[in-house]
J.: 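Here it is: the structure, laid out below.
These numbers come from a predicted model, not from an experiment. Just so it is clear: chains get the letters A, B, ... in the order the sequence lines come, proteins before strands, and each one is counted from 1.
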2 protein chains.
Amino acid sequence: MARLAGEERRKQIIEAAQTAILDRGLAQAATRDVTRALGVGSGLLHHYFPSWLDLRAQAVQLAVDREISEVQVSTSSLGASESLTYLISWMVEDEDMRHWRLWLNAMDEAHRDPRLAKVMTSAVQRWHEMVKELIARAQKEGICPGDDPAIVAWRLTALMDGLAGMALIEGGSMTLEKARNLLTKQLTLELGADFNNNQAGMNSSL
Amino acid sequence: MARLAGEERRKQIIEAAQTAILDRGLAQAATRDVTRALGVGSGLLHHYFPSWLDLRAQAVQLAVDREISEVQVSTSSLGASESLTYLISWMVEDEDMRHWRLWLNAMDEAHRDPRLAKVMTSAVQRWHEMVKELIARAQKEGICPGDDPAIVAWRLTALMDGLAGMALIEGGSMTLEKARNLLTKQLTLELGADFNNNQAGMNSSL
DNA sequence: CGCTCAATTGAGCAGATGCTCAACAAGTTG
DNA sequence: CAACTTGTTGAGCATCTGCTCAATTGAGCG
């Protein structure tokens with residue numbers, strides 16, 4: 001392969017590792033998937049990364065960092081209500097569910113790889129923090145007060161994770177559209193009917 | 001190893017496979033883990049099971065079947081409210097989280113193994129069905145009516161899955177006791193304050 | 001006893017894996 | 001030009017994987 005400046009190569013390898021991980025899963029993806037995809041010698045990979053587990057962890061790190069800051073940037077210019085509906089849309093409109101496949105795979109594999117555990121612990125924490133801020137903003141904007149934002153955020157986050165996991169099961173009866181409805185209803189439960197009224201003019205059938 | 005009647009050996013192998021899977025994860029567990037644990041030749045395993053993936057799927061199948069019917073039996077003699085709190089306790093009091101580690105691992109690996117996908121699709125469906133019945137019973141027993149039981153069951157099930165996943169992350173801030181509180185509160189949200197009053201005499205702070 | 005057949009063995013094959021290391025290529029500098 | 005640094009190669013090793021198959025054991029039976 002053509003000679004490349006160090007940092008550029010490093011990023012290219014991480015990128016290739018991400019797609020390999022998405023294709024074969026964290027446990028099955030291998031160094032050869034990456035080197036073959038790039039048409040590059042096997043030694044090159046170890047010139048940039050001390051070990052495969054290290055590269056793997058960095059690839060996951062970069063991916064989840066991107067996801068979190070993507071949502072953070074998008075919601076920073078929206079009102080609280082719109083932000084929460086955006087969050088749900090963002091989850092549901094992830095076409096082939098790349099985000100969720102990687103996220104759940106990493107949450108699982110984290111039990112066997114301390115490097116991934118570190119990455120995911122921090123990711124979960126930052127995600128929760130972000131959702132908590134959205135909830136707090138929503139409450140301040142006059143939407144019917146509810147629980148402690150931190151608690152509401154935990155429930156919402158966990159619910160998203162759980163629904164995503166089920167939607168990913170092939171042949172299952174949980175679809176992304178169902179998940180969207182369930183999440184929207186959850187927000188109505190948590191924040192009161194005002195959320196729905198503020199938002200789309202739906203009736204609240206509770 | 002001593003000679004064993006066919007069916008007994010079969011069960012013994014499945015059992016050993018379960019612990020191997022719990023120890024090393026579905027993706028890393030190997031035939032040799034099983035044969036070594038039993039002190040048995042490698043050929044024996046393939047005498048009883050056509051392939052490792054087959055044995056693996058059967059081991060998971062048996063494990064989740066056991067979990068589901070354990071809960072089903074326990075709740076069959078309880079009132080609806082007690083059943084729902086039992087469900088939460090059952091989730092939280094799973095000491096080293098064997099149930100959840102296997103469950104989440106299987107949900108994840110199901111994306112890469114059609115045999116596991118079949119097993120887990122059915123498991124999720126039966127689990128949801130069971131929770132749905134509990135919710136329906138609760139509503140019939142006069143607890144404040146809420147949504148369609150099927151929908152409430154989806155939210156509750158997904159919430160349990162999501163919380164379990166987070167509680168499993170080491171070093172994370174989600175603990176099992178937190179999960180218990182969040183789930184109890186969720187039931188209060190879904191079924192109304194009557195649930196809590198019926199149950200433990202707590203105040204409802206919504 | 002011998003016969004039969006299921007249970008059991010384990011060396012060994014073919015493939016995959018992470019990683020090393022001596023060699024080479026190509027820029028940059030003096 | 002040489003000297004040096006950095007990017008790059010790929011054969012090869014040690015280890016693991018699932019699985020095969022010819023051979024052995026042993027229990028039950030006539």
J.: Rounded to the nearest angstrom, tell me the gap between atom CG in B:D113 and atom C1' in D:dG18.
T.: 14 Å
J.: Rounded to the nearest angstrom, tell me the gap between atom CD in B:Q28 and atom C1' in D:dG18.
T.: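 It is 15 Å, rounded to the nearest whole Å.
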J.: Please indicate whether B:R24 has more than 12 foreign heavy atoms, meaning atoms of other residues, nucleotides or ligands, lying under 6.0 Å from its CZ.
T.: yes
J.: Are OP1 or OP2 of D:dC19 and a side-chain N or O of B:H46 less than 4.0 angstrom apart?
T.: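 For B:H46, the contact criterion (side-chain N or O under 4.0 Å from OP1 or OP2 of D:dC19) is met.
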J.: Please produce a list of atom pairs where a protein N or O lies less than 3.5 Å from an N or O of nucleotides 11-13 of chain C.
T.:
from: C:dA11; atom 1: N6; to: B:S42; atom 2: OG; distance (Å): 3.2

J.: Tell me: CD1 of A:I13 to C1' of D:dG7, nearest whole Å?
T.: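 It works out to 11 Å between those atoms.
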J.: Atom CD of residue position B:E93 - does it have more than 12 heavy atoms of other residues, nucleotides or ligands inside 6.0 Å?
T.: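 Above 12, so yes.
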J.: Between A:K11, A:R10, A:R9, which is the residue that forms a salt bridge (charged side-chain N to carboxylate O under 4.0 Å, His left out) with A:E7?
T.: A:R10
J.: Side chains of A:N105 and A:W100: do they bring a donor and an acceptor to under 3.5 Å?
T.: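 No - no donor-acceptor pair under 3.5 Å links their side chains.
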J.: Answer yes or no: are there more than 12 heavy-atom neighbours, outside B:E170 itself, under 6.0 Å from its atom CD?
T.: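 Not more than 12 within 6.0 Å, no.
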J.: C:dG18 C1' sits how many Å from A:L26 CG, rounded?
T.: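 My rounded result for the distance is 16 Å.
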J.: Checking A:R56 against A:F49: charged group under 6.0 Å from the ring centre and within 45 degrees of the axis?
T.: no
J.: What is the distance, to the nearest angstrom, from the CG atom on A:L44 to the P atom on C:dT20?
T.: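 Those two atoms, CG and P, are 14 Å apart.
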J.: Name every residue in residues 51-63 of chain B that has at least one heavy atom under 4.0 Å from any atom of DNA chain C, in order of residue number, or write none if there are no such residues.
T.: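 Those residues: none at all.
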J.: How would you label the contact of B:Y48 with the nucleic acid (heavy atoms, under 4.0 Å): base, sugar-phosphate, or nothing?
T.: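 Sugar-phosphate, backbone atoms only, no base.
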J.: Step by step, work out the ring-ring contact (aromatic ring centres under 6.0 Å, His included) result for A:W127 and A:W154.
T.: CA-CA 10 Å; A:W127 182 270; A:W154 275 125; over 10 Å; no
J.: How far apart are the C-alpha atoms of A:W90 and A:H99, what are their side-chain angles, what is the distance that settles it, and do they pass the ring-ring contact (aromatic ring centres under 6.0 Å, His included) test?
T.: CA-CA 10 Å; A:W90 175 86; A:H99 295 154; 4.8 Å; yes
J.: According to a strict under-4.0 Å criterion, is B:R24 in side-chain N/O contact with OP1 or OP2 of D:dT17?
T.: yes
J.: Are more than 12 heavy atoms from other residues, nucleotides or ligands located less than 6.0 Å from atom NZ of B:K118?
T.: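 No - once you tally the heavy atoms of other residues, nucleotides and ligands closer than 6.0 Å, there are 12 at most.
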J.: Assuming nearest nucleotide by heavy-atom distance, tell me which of B:R36 and A:G41 is located more 5' along DNA chain D.
T.: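 Whichever sits nearer the 5' end wins; that is A:G41.
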J.: Ignoring backbone atoms, test whether B:H47 places a side-chain nitrogen or oxygen under 4.0 Å from the OP1 or OP2 oxygen of C:dT8.
T.: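 Negative; the distance criterion is not met.
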J.: How long is the line joining CG of A:L38 and P of D:dG7, in whole Å?
T.: 16 Å
J.: Rounded to whole Å, please give me the gap between CG in B:L45 and P in D:dT17.
T.: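 Answer to the nearest Å: 13 Å.
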